[in-house]
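What follows is a single structure, written as structure tokens, with notes after it.
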Amino acid sequence: MPESRNAGLFARAQRSIPGGVNSPVRAFRAVGGTPRFIERAEGAYLWDADGKRYIDYIGSWGPMILGHGHPAVLEAVHKAVADGLSFGAPTEREIELAETILQLVPSAEQVRLVSSGTEAAMSALRLARGATGRSKIVKFEGCYHGHADALLVKAGSGLATFGHPTSAGVPPEVVRDTLVLPYNDVAALETTFDLHGPGIACVMIEPIAGNMNFVRAGVPFMQRLRELCTRHGALLVFDEVMTGFRVALGGAQSLYAAAIPGFAPDLSVFGKVIGGGMPLAAFAGPRSVMEQLAPLGPVYQAGTLSGNPVATACGLATLREIRKPGFFDALARTTRTLTDGLLCAAHEAGVPMAGDCEGGMFGFFFAAKLPHDYPGVMATDQQRFNRFFHAMLDHGIYLAPALYEAGFVSAAHTPADLEATLGAARAAREA
Ligand code: KE4
């Protein structure tokens with residue numbers, strides 16, 4: 001058996017790149033084994049350096065909602081590339097993308113484009129502090145908002161996976177004003193606002209915590225959070241980098257608006273889907289807050305590649321496709337079929353599994369019931385998850401290589417792909 005090219009590439013990569021990867025979760029350290037070096041992708045599939053095909057349920061951690069290489073997206077990108085890669089000057093396409101986002105996000109009146117979710121969340125945080133003149137911020141255990149210092153505290157995603165909830169290199173004074181609360185805990189909200197309300201600039205939350213795999217903020221919890229933010233003049237910031245344009249066309253905020261009359265966040269953070277696979281993210285909110293940003297206001301924020309013409313072409317083409325009638329109904333049906341099938345396969349094998357899904361995003365835990373917070377996620381069977389991950393990988397099914405990550409379905413996944421996936425799940429449990 002010739003040595004896998006993946007293994008050789010990983011050994012070589014580790015000589016020149018820390019851990020052999022440019023983002024920690026890709027190193028498979030949470031699940032063990034050798035990461036797959038991907039050579040190409042098309043539709044719902046990836047091919048690794050050994051030429052093995054996988055059905056892809058990561059989709060670049062969310063952006064590839066149409067599947068890889070959608071013709072309309074490629075055409076838009078190729079045309080944009082021919083016109084120029086980057087100008088560092090305003091373009092009409094940035095206006096088009098901003099207007100499109102605002103059409104789909106009624107809680108916002110203006111939007112600023114940036115290049116990553118981290119940059120968007122960091123900027124939204126600075127804006128909230130600048131606009132309120134306050135310093136304290138609240139986040140929730142298990143939620144991840146990118147790797148800006150002030151937010152890298154008890155983060156989910158890679159950090160939770162590595163079991164180091166607080167990153168080295170973050171000076172204590174930088175996180176002195178970052179309060180970390182248990183997710184879905186109304187009593188902790190009440191106490192925190194009683195103690196610190198007038199000093200809280202914002203509360204940042206993943207409305208469906210995809211960095212704890214898939215944990216929903218309960219409607220009563222969210223309603224109380226909105227009430228407390230309003231009462232104390234703190235901005236409610238929805239981090240929809242993962243859920244935006246993924247769980248619904250209007251993101252998670254549209255789901256809470258349907259459940260809670262008049263509900264809306266104050267600021268929203270987006271990424272992933274709005275770039276369609278290219279480096280593009282955004283933060284948005286009411287004009288009164290957004291116009292505190294430079295060059296109009298005192299809150300500085302900038303970026304060489306912000307609103308990049310190729311990235312905006314990719315994002316616009318993606319949003320054009322997902323706005324088409326029936327897109328999300330079809331996507332949600334596919335995701336529901338997958339999730340229910342996985343639960344059914346586990347039940348048939350007598351294996352405790354709980355799962356949930358919304359739109360094109362899903363999650364599952366080896367546990368009798370869904371966890372509602374970070375300790376609950378930590379208590380699920382990680383070893384069984386890791387064994388299942390590798391059994392599925394061996395069957396050509398590419399799931400997220402960490403218990404704390406969500407899964408993503410694309411419009412390119414077919415019934416045959418689902419059947420192959422569920423067949424692998426049934427076989428995996430007999431393995
Ligand atoms: P980026 O800086 O990675 O573009 O976005 C940071 C971010 C912010 N907010 C949420 C809710 C996010 O999920 C993310 C990034 N998500 C991870 C996956 N859990 C990206 C994958 C990775 O870190 O390699």
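These numbers were taken from a predicted model, which means no experiment stands behind them. As the structure lists them, so they are numbered: ligands from 1, and atoms in each ligand from 1. Reckoned from all heavy atoms, side chains included, excluding hydrogens, waters and symmetry mates.
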(request) For salt bridge (Lys or Arg N to Asp or Glu O under 4.0 Å), just list the numbers for R40 and E42, CA-CA rounded to whole Å, side-chain angles, deciding distance to a tenth of an Å, and then say yes or no. (result) CA-CA 7 Å; R40 70 182 184 90; E42 188 178 340; 3.6 Å; yes
(request) Just do the side-chain hydrogen bond (donor to acceptor under 3.5 Å, both in side chains) check on T34 and N6 with the steps written out, would you? (result) CA-CA 7 Å; T34 302; N6 292 302; over 6 Å; no
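By the 3.5 Å distance cut-off applied to N or O atoms, D239 is counted among the residues near ligand 1.
In E206, the part holding a heavy atom less than 4.0 Å from any atom of ligand 1 is the side chain. Counting heavy atoms closer than 4.0 Å to ligand 1, residue H147 contributes nothing at all.
Against a heavy-atom cut-off of under 4.0 Å, G146 is close to the following atoms of ligand 1: 6 (C), 7 (C), 8 (C). Within the listing of ligand 1, atoms 22 (C), 23 (O), 24 (O) sit less than 4.0 angstrom from a heavy atom of S23.
Defined by atom type and a distance below 3.5 Å, a donor-acceptor pair is present between the side-chain atoms of D48 and Y54. Looking only at atom types and distance, the side chain of T91 has a donor-acceptor partner in the side chain of E94 under 3.5 Å away. Judged purely by distance below 3.5 Å, without hydrogens or angles, the side chains of N184 and D373 never pair a donor atom with an acceptor atom.
The heavy atom nearest to atom 20 (C) of ligand 1, considering only E405, K272, M242, is found in K272. When the heavy atoms of L151, N211, V25 are ranked by distance to atom 19 (N) of ligand 1, first place goes to N211.
Environment of CD in E92: sparse, with no more than 12 heavy atoms of neighbouring residues, nucleotides or ligands closer than 6.0 Å.
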